[in-house]
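Quick notes on the structure that follows.
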Amino acid sequence: MSSLSRLLHRTFSTSKTPPQPNPNTIQSLSTALYKERNLRTLVDKFKSSCDNDRFRTKTGIYVSTVRRLASAKKFPWIKEILEHQKHYTHDISKEGFTVRLISLYGKSGMFEQAHKVFDEMPELKCDRTVKSFNALLGACVNSKKFHKVDELFRELQEKLGVKPDVISYNTVIKAFCEMGKLEEAVLMVDEMEKNELKPDLITFNILLHGFYGKGQFVDGDKVWAKMENSNVVPDIRSYNAKLVGLVCENKMAEAVELVGGLGSKGVQPDVHCYNALIRGYCKDGNLEEVKRWYGEWEKYDCAPDRATFATLIPFLCEKGELDWAFELCKGIIHRRRLVDGAMLQLVIDGLVKESRIEDAKKLAEMGKSNNYTCYKVEVPSQD
DNA sequence: GCTGACGGGG
């Protein structure tokens, strides 16, 4: 047990230290080759680990491995490890396992492959129920083939004789919202009700996100009213959908009021609320309010995260608030999940522009020792 | 256990 976990951790952990980054071309080429070799090793280790029955139950490792390969655009390797799964005839005949493959292909944007697995299910001796039907719809959405979703939904219902459930409808509604076809999304709700399926919290959240996100408050409020009439209790995501809409429309006073009122509704504000407000004030160019809200973190049950800094740091650089940006970077640079190399480079460039070469070098040095790949200090010429 | 549905920036 523990030896398997240790092996898994050693092999598939993402916290492996990359080699020393270097802006020099030859060096960065060798870094790229190193990464490539590393990923190839990962693929081989993954495939051989699959022979272990317990390994194949580790959904999380499948997800993180495929995600790493997808972000490196190694799509043939994704195909290699997922097609390899078909050797495990006992597993592949279980719908849950095959659904996993379909959904992993979908998350990698490989809809064609997802569809192929779905089509092969009969010959893989695997039953197809509404579960794999939904997995395929979801893969279609995740691959951003939104226009295909509705067609697939109609076509497969007939072909397979499956009866769609709430999840099927929610997936199609999501696709319509993504395409901005909000009226059609609402028509789908009518259709599901006709088929005696009740829209649930997720249905409403998808719609709220669609309408409010496009600044359509009147229709968004209609969805909200329908949600309440259906005795569906809004959660933090429902409120955040509205909040994002308010922030997009620069309605900051209403946005603040909304967040302030959450407590009395028994809803705990989360990091998305704060980021939305900070984003709004950055968009407004309102440094005072950005400062004020940033300081509010500790009063609540959340901490600034990657999205916070991704909003805040470019804003501070633009405003010439290099002191604050510099301090923030120094504080979070050892936590890679919070800040990326592009953010550091922004601050370094800002410092250089103010002729604070020593500070720029210091930050670049810190970046280097924390294995960031982006840390160039280009000293402007003196003339 | 066997994950099919809702989030944020560039």
Side-chain angles (χ1 to χ4, degrees), chain A residues 53-64 66 85 88 90-107 114 117-118 128-142 149 153 156 162 164-178 185 188 192 197 199-210 212-213 223 227 232 234-245 247-248 270-280 282-283 302 304-315 317 338-343 345-346:
Chain A
D53 292 343
R54 219 165 40 226
F55 180 84
R56 294 197 304 280
T57 68
K58 307 267 178 190
T59 313
I61 296 177
Y62 277 63
V63 172
S64 62
V66 167
Q85 305 305 313
Y88 306 103
H90 178 68
D91 284 20
I92 204 76
S93 66
K94 287 187 283 188
E95 191 177 19
F97 190 76
T98 307
V99 157
R100 185 153 103 203
L101 304 188
I102 293 173
S103 114
L104 287 169
Y105 271 132
K107 289 191 177 107
V117 173
F118 184 83
R128 287 189 295 201
T129 71
V130 68
K131 224 173 170 181
S132 41
F133 171 73
N134 289 343
L136 187 62
L137 291 177
C140 198
V141 169
N142 285 332
V149 176
F153 176 74
L156 285 179
V162 285
D165 62 10
V166 176
I167 294 178
S168 326
Y169 278 100
N170 285 350
T171 309
V172 180
I173 290 169
K174 162 96 173 164
F176 279 128
C177 286
E178 289 284 344
M188 286 303 289
M192 73 192 278
L197 291 169
D200 63 6
L201 179 60
I202 295 179
T203 318
F204 288 113
N205 281 349
I206 294 168
L207 288 168
L208 290 171
H209 186 80
Y212 287 131
V223 173
M227 171 172 68
V232 172
D235 67 357
I236 186 63
R237 289 195 181 209
S238 325
Y239 289 103
N240 278 340
K242 194 170 192 164
L243 181 63
V244 165
V247 165
C248 274
D270 67 4
V271 70
H272 295 274
C273 295
Y274 293 94
N275 285 339
L277 289 175
I278 287 180
R279 215 164 45 243
C282 285
K283 214 153 73 80
C302 47
D305 65 6
R306 192 180 180 86
T308 320
F309 295 114
T311 306
L312 203 51
I313 289 174
F315 174 73
C317 290
L338 291 182
V339 65
D340 61 32
M343 293 294 121
Q345 189 65 58
L346 268 182

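Basis for what follows: all heavy atoms, side chains included, without hydrogens, waters or symmetry-related copies. We name chains A, B, ... by the order of the sequence lines, and we start the count at 1 in each one.
Nearest nucleotide to the side chain of A:Val271, out of B:dT3, B:dG8, B:dA5: B:dG8. Comparing B:dG9, B:dA5, B:dG7 against the side chain of A:Ala310 picks out B:dG9 as the nearest. Ranking B:dG4, B:dC2, B:dG9 by closeness to the A:Arg306 side chain, first place goes to B:dG9. Among the nucleotides B:dG8, B:dG4, B:dG9, the one closest to any side-chain atom of A:Thr311 is B:dG9. Of the candidate nucleotides B:dA5, B:dG8, B:dG7, B:dG8 has the atom lying nearest to any side-chain atom of A:Arg279. Taking only side-chain atoms of A:Ala307, from C-beta outward, the nucleotide of B:dG4, B:dA5, B:dG8 with the closest atom is B:dG8. Nearest to the side-chain atoms of A:Val99 among the listed nucleotides B:dG7, B:dG9, B:dT3 stands B:dT3. Residue A:Lys131 has its side chain nearest to B:dG4 when only B:dG7, B:dG4, B:dA5 are considered. Listed nucleotides: B:dG4, B:dG7, B:dG9. Nearest to the side chain of A:Ala135: B:dG4.
Computed from coordinates, the A:Leu243 CG to B:dC6 P distance equals 20 Å when rounded to whole Å. Atom NZ in A:Lys174 sits about 9 Å away from atom C1' in B:dA5, given to the nearest Å. Regarding A:Arg100, its CZ atom lies at a distance of 15 Å from the P atom of B:dG1, rounded to whole Å. Atom pair A:Ile206:CD1 and B:dG4:C1' shows a separation of 13 Å (rounding to whole Å applied). Taking atom CZ of A:Phe176 as the reference point, atom C1' of B:dC6 lies 18 Å away to the nearest angstrom. Distance NE2 (A:His272) to P (B:dC6): 13 Å, rounded to an integer number of Å. Between the C1' atom of B:dG9 and the CG atom of A:Asp340 lies a distance of 10 Å, rounded to the nearest Å. As rounded to whole Å, 14 Å separates atom C1' of B:dT3 from atom CZ of A:Phe97.
Side chain A:Asp305 to base B:dG8: a donor-acceptor pair is found below 3.5 Å. Under 3.5 Å, the side chain of A:Asp165 and the base of B:dG4 form at least one donor-acceptor pair of N or O atoms. The base of B:dG4 does not come close enough to the side chain of A:Asn142 for any donor and acceptor atom to sit less than 3.5 Å apart.
Here the shortest heavy-atom pairing between A:Ser238 and A:Leu208 reads CB-CD1, 3.9 Å. Taking each heavy atom of A:Asp200 and A:Val232 in turn, the nearest pair found is C-CG1, 4.3 Å. Shortest non-hydrogen contact noted between A:Asn275 and A:Ala307 is ND2-CB, 3.7 Å. Contact between A:Ala185 and A:Ile173 at its shortest, heavy atoms only, is O-CG1, 3.9 Å.
Under the rule for a side-chain hydrogen bond (donor to acceptor under 3.5 Å, both in side chains), the partners of A:Tyr62 that lie at least two apart in sequence or sit in another chain are A:Gln85.
Look at A:Ser103 and you'll find a side-chain N or O under 4.0 angstrom from OP1 or OP2 of B:dG4.
When heavy atoms are screened at a 4.0 angstrom cut-off, A:Asp270 is found touching base atoms of the nucleic acid. When heavy atoms are screened at a 4.0 angstrom cut-off, A:Val63 is found touching no nucleic acid atom at all.
Side-chain N or O atoms of A:Asp165 include one that pairs as donor or acceptor with a backbone N or O of A:Ser168 at under 3.5 Å.
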